[in-house]
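As structure tokens, the structure follows; a few thoughts come after it.
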Amino acid sequence: MKNIKWTKISLLLLPLAAIITGLAVWGPEALARYRDNGILDKLQTQEAETSTEGYRYALSSNEKLYILSKCLNNQIQPESEQNAMTRTEETVNLDYQDLTGTYAMVVNRKDSNGQEISASTGVDLCNQGIQELKELGILPESVRELNERTYSAVMYSAIDVPEPRNNVLVWKISLDTGKQTANRSNRLLDAYVDADTGKVYEFYVRTEISSWKEVDPDAMIRIWAEYMDLGEPVEYQSTNPLWETTPYFKKYSFAGMEEGSTVVTIGFYDGINELFLKISK
């Protein structure tokens, strides 16, 4: 009787064992095919965290002013503007490895987005900056508008060589010396203009101002500092009268990078009625 019952149980277990054996043999392969069919020939998206995505190093206004000032005071390239303008595309590509010194001014041909840019863009940008300085009362309204025929524009990268990511793109705008510009009254002579913002870092301009008494350097530097977003200026105390070729000037200091600072000078050349604001020596 017991043998009969065991035989029946065995007969019932055989199909179950066969099913289990089949799953063990063909199950993994079938599951893999099913997963592959759900993945192959289909786009898969996955969010990934990265610390550099969308990152772009940006300098503050004080840092940019400091770097440009250092570059202007340390530049070792006395080349003429005509020589700079005749450089080929191969010679203006920046190679930070070949630069020497701590700060350098390098002729550039491309904007911050890597796009080729023409000299007329620099002249137009300077015109916007000069107009803004007029509206702020830093420059008199009598200063003439710039035009491409009488001005040259060369773009430079002012570079902190040990840290090349610290660089400022600027236009150097200069009045051409020629018969058509013999009359320099109410003309901009030279300027450095930020290639990204159009802010004017430095300028020399002939005006209708006839004496230093007509200039209020304290008011001018406060307005310019606000325009440049530099914070409050501090009067520079250690002023040597031999530092300038004119007795009419006043110097101020702004915070720079780390422990450094930038000295800004407002001055006036009597006789030729030339007003200047500069960050270079």
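- Not a single salt bridge (charged side-chain N to carboxylate O under 4.0 Å, His left out) links E135 to another residue, sequence neighbours left out.
- Atom OG of S174 and atom CG of L189 lie 9.0 Å apart (nearest 0.5 Å).
- In this structure the side chain of T121 never reaches within 4.5 angstrom of the side chain of M155, judged on heavy atoms.
- Hydrophobic clustering places M105 together with F203 (ILVMFWY residues linked when any side-chain heavy atoms are closer than 4.5 Å, directly or through intermediates).
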Exercise. Yes or no on side chain to side chain contact (heavy atoms under 4.5 Å, CB included) for R109 and E116, after CA distance, side-chain angles and deciding distance?
Worked result: CA-CA 6 Å; R109 282 288 179 273; E116 294 285 342; 4.0 Å; yes
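- Of the possible donor and acceptor atoms, one in the side chain of Y151 sits under 3.5 Å from a partner among the backbone N and O of L188.
- With no hydrogens or angles considered, no side-chain donor-acceptor pair links T150 and D176 at under 3.5 Å.
- I209 is connected to L139 through a chain of hydrophobic side-chain contacts under 4.5 Å among Ile, Leu, Val, Met, Phe, Trp and Tyr, so both are in one cluster.
- V200 and L59 fall within a single hydrophobic cluster, where Ile, Leu, Val, Met, Phe, Trp and Tyr are joined by side-chain heavy atoms under 4.5 Å apart, directly or via other members.
- Annotation for S253 and Y236: closest pair CB-CD1, 4.1 Å, computed over non-hydrogen atoms.
- Contact annotation: the side chain of E235 never approaches that of I221 to less than 4.5 Å [non-hydrogen atoms, C-beta and beyond].
- The residues D160 and K70 are annotated as not salt-bridged, no charged nitrogen and carboxylate oxygen being separated by less than 4.0 angstrom.
- Between the side chain of S142 and the backbone N or O of N186, no donor-acceptor pair lies under 3.5 Å.
- With hydrophobic clusters built from ILVMFWY side chains whose heavy atoms lie under 4.5 angstrom apart, I272 shares a cluster with L277.
- A side-chain donor-acceptor contact under 3.5 Å links K134 to the backbone of V143.
- Ring-plane geometry between Y204 and F276 is classed as parallel, the angle between the planes falling under 30 degrees on a 0 to 90 degree scale with a further cut at 60.
- Judged purely by distance below 3.5 Å, without hydrogens or angles, the side chains of N167 and S157 never pair a donor atom with an acceptor atom.
- Minimum heavy-atom separation, G231 to A225: O-CB, 3.5 Å.
- In summary, the side chains of N183 and S185 do present a donor paired with an acceptor at a separation below 3.5 Å, with no hydrogens or angles considered.
- Cluster partners of L242 are absent, since no Ile, Leu, Val, Met, Phe, Trp or Tyr has side-chain heavy atoms less than 4.5 Å from it.
- Closest non-hydrogen pair, P233 versus Y252, comes out as CB-CB, 4.3 Å.
- Around the OH atom of Y248, the shell of radius 6.0 Å holds no more than 12 heavy atoms that belong to other residues, nucleotides or ligands.
- Both V154 and L125 are assigned to one and the same hydrophobic cluster, defined by single-linkage of ILVMFWY side chains at heavy-atom distances under 4.5 Å.
- We find the OG-CD distance between S120 and E148 to be 4.5 Å, quoted to the nearest 0.5 Å.
- In this structure, the side chains of M220 and V215 come closer than 4.5 Å at one or more pairs of heavy atoms.
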For this session: Quick one: do Y156 and V107 satisfy side chain to side chain contact (heavy atoms under 4.5 Å, CB included)? Show the steps, please.
Result: CA-CA 4 Å; Y156 288 89; V107 176; 3.6 Å; yes
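- Among D190, V193, L72, the one residue that satisfies the side-chain contact (heavy atoms from CB on, under 4.5 Å) test with E202 is L72.
- Taking CG of D124 as the reference point, atom CG of N147 lies at 10.5 Å (rounded to 0.5 Å).
- For E226, the CD atom counts as loosely surrounded, since its 6.0 Å shell holds 12 or fewer non-hydrogen atoms of other residues, nucleotides or ligands.
- Side-chain atoms of N127 come within 3.5 Å of backbone N or O of L146 as a donor-acceptor pair.
- For the atom pair CD1 (I279) and CD1 (I67), the distance works out to 11.0 Å, reported to the nearest 0.5 Å.
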Problem set entry | Verdict with supporting geometry, W171 and V123, side chain to side chain contact (heavy atoms under 4.5 Å, CB included) | CA-CA 9 Å; W171 285 99; V123 174; over 6 Å; no
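- At a threshold of 4.5 Å between non-hydrogen side-chain atoms, the residues E244 and K278 count as touching.
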Acceptor/donor pairs from residues 258-271 side chains to any protein atom, 3.5 angstrom cut, sequence neighbours excluded:
{"residue": "T265", "atom": "OG1", "partner": "K251", "partner atom": "NZ", "Å": "2.7"}
{"residue": "Y269", "atom": "OH", "partner": "T245", "partner atom": "OG1", "Å": "3.3"}

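- A distance of 10.0 Å separates CG of L136 from CD of Q131, quoted to the nearest 0.5 Å.
- Remark: T207 OG1 to N273 CG distance equals 5.5 Å, nearest 0.5 Å.
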For this session: Could you check M228 against Y201 for side chain to side chain contact (heavy atoms under 4.5 Å, CB included), going step by step and ending with a plain yes or no?
Result: CA-CA 8 Å; M228 295 293 296; Y201 290 106; 3.4 Å; yes
